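The structure appears below as structure tokens.
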Amino acid sequence: MSLLPRTAEEFSSAEYWERFFKKRGEKAFEWYGDYNKLCGVLHKYIKPRDKVLVVGCGNSELSEQLYDVGYRHLTNIDISETVVNHMNQKNAKQRPDLTFQTVDATQTPYEDGSYQAALDKGTLDAMASQEEGALAGRMLAEVGRVLGIGGRYVCVTLAQESVIKLAVEHFIQVGWAVRLHCLADPESQEVSSFALPVFVLVCTKFRQPMPMPILEMCQGEDGAPVRLPVVADLLSVVRERQAYAMLRQRLRTGTDATSTPSLTLCHAPTGRPRYTLTVQDCPPGAKVPRANHFAIFIVPQGRETDWLYGLAEGRGQLAASANFRRLVVVAMHREQEYTDMQAVQSELSPMVMELAPPGMPANQKVPFLSVGGELGWREVVSHGTSDLSGQYSVEDVRGEDGQLYRRLVFLGNDGLVQSESRLTNPAAAAASSQKNKKSRRKAKLSAPPPMTTPSQTPGGALEVDKGYLCCAHHRVMVAGLAMLGVGNDHNKDVSVLLVGLGGGGLPQFLRDFVPGARVEVVEQDPAVLEVAQGWFGFTPDDRLTVTLGDGLERINNIEREGGHQYDVIMFDVDSKDPSLGMSCPPPAFVETAFLERVGKLLTPRGVFMLNLVCRDSALKKSVLDRVRGVFPRVLSRGIEGEVNEVLLCSRGTGETGVQPSLLKAGKTLQGALGMNSSRTAICIPQIDITELLEDLKVA
């Protein structure tokens, strides 16, 4: 290791290379692969009859090996006099026509257009860090001068981003065609080999500059070239290949259950993400059958955000159930087409086999696992960009229960499913409603049969089922209305302030099914309101209104103006900063002073409901302490398989815990739901209030 440069700048130092070669002696140091690895791509672009300038030859054996297979017009130059003398002495008898000269590659003595090819193995990498790239720029200009029309600059490089950007932009500006080959060797098992892949940059000189840039990427020496529009796209592909090679090297050397690395595979023609692979190793000491080395699990389309597949804890449970030394969990991306499971397996097999654990037999069969052998189903029905939340997608998916669901997904937040609603066929629901009119209670809690018809655009065959709340925390919030005594004659009217609209499922349910409910929703993002109205059946009226604006400001203004109170205030608003450890609500919503304002806006019987999503245990304890400091009575209910916890808070100091009176009020609420649903007669509220209340605990 003492022979390696201590800093990147040392690559470009003549003094360093003098010391390097004196210390190295006669042992050739093949930085970026030997002749056997490079010969395929070199023979493709450099012909034996070509006059070739080898830039920065060092003591590499590459020129000797090219000479031995018929390349007799090689001129090797290097700034190190030591290495030039050594290489001339070494080859004087055996290769008399192979010449080595002490020449500065930035100012050579050769005539314009006198060479058909220039071969560079690592020299560009060495020079690019010097003088902020100016030294390498002069070398590239000199190469361009000595090459004739049709000549090629063939550069073997590790493709550090600044280096490859410098070279590619240089040749694009002078109208050359640029092609980059990635020569990552998936078969190499040598621990001492470079983890990073080797690239070969091929730049071709034309008589007239190209009117449009030609940028191409090839996988392997014979891979079909993929045309890329801009340099940034080429750099992105290079980064992906380098990240993949580093990951592959890491996975080949051992297993690590504490780390779950992932990578994204892109569709070659378009460059769009196609698969995301996450590696899950079994923990040490796990009893895994000897033959269970490696398996691939295909996540059904539209299910990648489910707890079992989308979170590390869920994937750990999935891997434990599969019981393999290593499980690769594969998620398919939206707006990509997948024919069938066999096609997916064929497409993935060459790549995923490179991620096999160390010690797996070469002939080992690797199973592809899935749910029922199916790929699942997803259709993107709309997409757009919000100024506040970034890109979003509205998509219909088939759930585990066979039902169709519509989701609002924020693409910039790890594919966060912001809202979800179940779809229904109104005609079929109406027929079922007439048939089961006498068994309303039973129908209330039963799921409809699986749907087989794909979703339609607004106004089509399928509509949002407004009587079904997909989000469990929304159902808990509805059940919390029992704390008000909703359904009793003397408590007829219910005023609700909800911060956070989402798809509008919760406020629409409250308006349609809770007697006397008047709901005001505060939503900061106009794009979310547009999506809720256009795709999720959200329909404001005089009893369901929306205020566009910041929830903090709205509550502060109401409290400052005075004269208005609410029976229920709900916070179901996400944070835009995922680094805080609390994704719902934003921290400002649970500061003590603000919670006190919320308390002042509640009627004497009022309830404050908070959807809390916090992974940081210390931060969560702090939030709970602040909430309990303002509200003497706090009940909570966690959501199974989720981080969410719903807090139901009141200023009442009488009853503690879940008293029989609350369960009784829940039964009254259950009976009252639906009495106010004249506008949506075919929808039946599907919720079990008693079950939800029984699981409450004192926070």
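Remember, it's a predicted structure, so these values are computed and weren't measured experimentally. All residue numbers in this chain count up from 1 along the given sequence.
Judged by distance alone, the side chain of Y153 and the main-chain N or O of L147 form no donor-acceptor pair under 3.5 Å. Distance alone, capped at 3.5 Å, places no donor-acceptor pair between the Q219 side chain and the P225 backbone. A donor-acceptor pair under 3.5 Å is absent between the side-chain atoms of N59 and the main chain of V83, judged by distance alone. A distance-only check finds no donor-acceptor pair linking the side chain of D112 to the backbone of V146 [under 3.5 Å]. Between the side chain of S346 and the main chain of Q342, a donor-acceptor pair closer than 3.5 Å is present. Remark: side-chain polar atoms of T123 are paired, donor with acceptor, to backbone N or O of V55 under 3.5 angstrom. Using modelled atom types, one side-chain atom of Q364 and one backbone atom of A291 make a donor-acceptor pair closer than 3.5 Å. A distance-only check finds a donor-acceptor pair linking the side chain of R326 to the backbone of L251 [under 3.5 Å]. Between the D50 side chain and the I46 main chain, no donor and acceptor come within less than 3.5 Å of each other. No donor-acceptor pair under 3.5 Å is formed between the side chain of S236 and the backbone N or O of D233.
When each of Q107, Q130, E131 is tested with R138 by the rule side chain to side chain donor-acceptor pair (under 3.5 Å), just one qualifies, namely E131.
For an aromatic pair to be called close, the ring centres must be under 6.0 Å apart, and H73 with Y67 fails this. Note: Y309 and F297 meet the aromatic proximity criterion, with ring centroids under 6.0 Å apart.
Between T260 and V279 the shortest side-chain heavy-atom distance does not fall below 4.5 Å. Side chains of I214 and V178 form no contact here, defined as non-hydrogen atoms less than 4.5 Å apart. Side-chain contact between Y392 and L411 is absent, with no heavy-atom pair separated by less than 4.5 Å. L62 is not listed as a side-chain neighbour of D34, based on a closest heavy-atom distance of 4.5 Å or more. The side-chain heavy atoms of D120 and V154, taken from C-beta on, include no pair separated by under 4.5 Å. The shortest distance between side-chain heavy atoms of L166 and L140 falls below 4.5 Å. Side-chain contact between L98 and N76 is present, with at least one heavy-atom pair separated by less than 4.5 Å. At a threshold of 4.5 Å between non-hydrogen side-chain atoms, the residues F199 and L183 do not count as touching.
Looking at R334 and E395, a side-chain N of the basic residue comes within less than 4.0 Å of a carboxylate O on the acidic one, giving a salt bridge. The pair K121-D78 does not meet the salt-bridge criterion, since no charged nitrogen lies less than 4.0 angstrom from a carboxylate oxygen. Ion pairing between E304 and R378 holds under the 4.0 Å rule for side-chain N and carboxylate O. Between D97 and R72, none of the side-chain N atoms (NZ, or NE/NH1/NH2) sits under 4.0 Å from a carboxylate O, so this pair counts as no salt bridge. Salt bridge present: D68 and R95 bring a charged side-chain N and a carboxylate O closer than 4.0 Å.
Here the closest heavy-atom approach between residue T339 and residue A343 is recorded as CB-CB, 4.0 Å. Contact record, P48 with G70: CB-O, 3.7 Å, taken as the closest heavy-atom pair. The shortest heavy-atom contact between A128 and V163 is CB-CG2, 3.5 Å.
In this model, no donor atom of one side chain and acceptor atom of the other lie less than 3.5 Å apart for Q160 and D125. In this structure, a donor-acceptor pair under 3.5 Å is absent between the side chains of E347 and Y338. A donor and an acceptor atom, one from each side chain of E142 and T108, are located under 3.5 Å apart. Between R274 and Q336, the side chains place a donor N or O and an acceptor N or O closer than 3.5 Å (distance only, hydrogens not considered). Using modelled atom types, one finds a donor on one side chain and an acceptor on the other under 3.5 Å when comparing H293 with R325.
Between H181 and Y45, the ring-plane angle classifies as perpendicular under the 30° and 60° cut-offs.
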Stepwise side-chain hydrogen bond (donor to acceptor under 3.5 Å, both in side chains) test for R250 and S259: CA-CA 11 Å; R250 174 178 156 196; S259 174; 2.3 Å; yes

Check against salt bridge (charged side-chain N to carboxylate O under 4.0 Å, His left out), D306 and R303: CA-CA 5 Å; D306 289 7; R303 302 275 305 283; 2.5 Å; yes

Derivation and outcome, ring pair (Phe, Tyr, Trp, His ring centres under 6.0 Å), residues Y71 and H43: CA-CA 10 Å; Y71 289 81; H43 293 330; 5.5 Å; yes

Worked check of salt bridge (charged side-chain N to carboxylate O under 4.0 Å, His left out) between E221 and K44: CA-CA 8 Å; E221 61 187 45; K44 184 174 183 177; over 6 Å; no

Derivation of the ring pair (Phe, Tyr, Trp, His ring centres under 6.0 Å) call for Y115 and Y110: CA-CA 9 Å; Y115 287 90; Y110 312 117; 5.5 Å; yes

Step-by-step side-chain contact (heavy atoms from CB on, under 4.5 Å) determination, N85 to E81: CA-CA 6 Å; N85 291 337; E81 186 175 352; 3.6 Å; yes

L318/V329 under side-chain contact (heavy atoms from CB on, under 4.5 Å): CA gap, chis, key distance, verdict: CA-CA 9 Å; L318 178 67; V329 181; 4.1 Å; yes

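Residue pairs meeting the side-chain hydrogen bond (donor to acceptor under 3.5 Å, both in side chains) criterion with at least one member in residues 167-178, sequence neighbours excluded, are K165-E169.
Other residues, nucleotides and ligands contribute only 12 or fewer heavy atoms inside 6.0 Å of the CD atom of E132. The neighbour count for D387 CG, taken as heavy atoms of other residues, nucleotides or ligands under 6.0 Å away, does not exceed 12.
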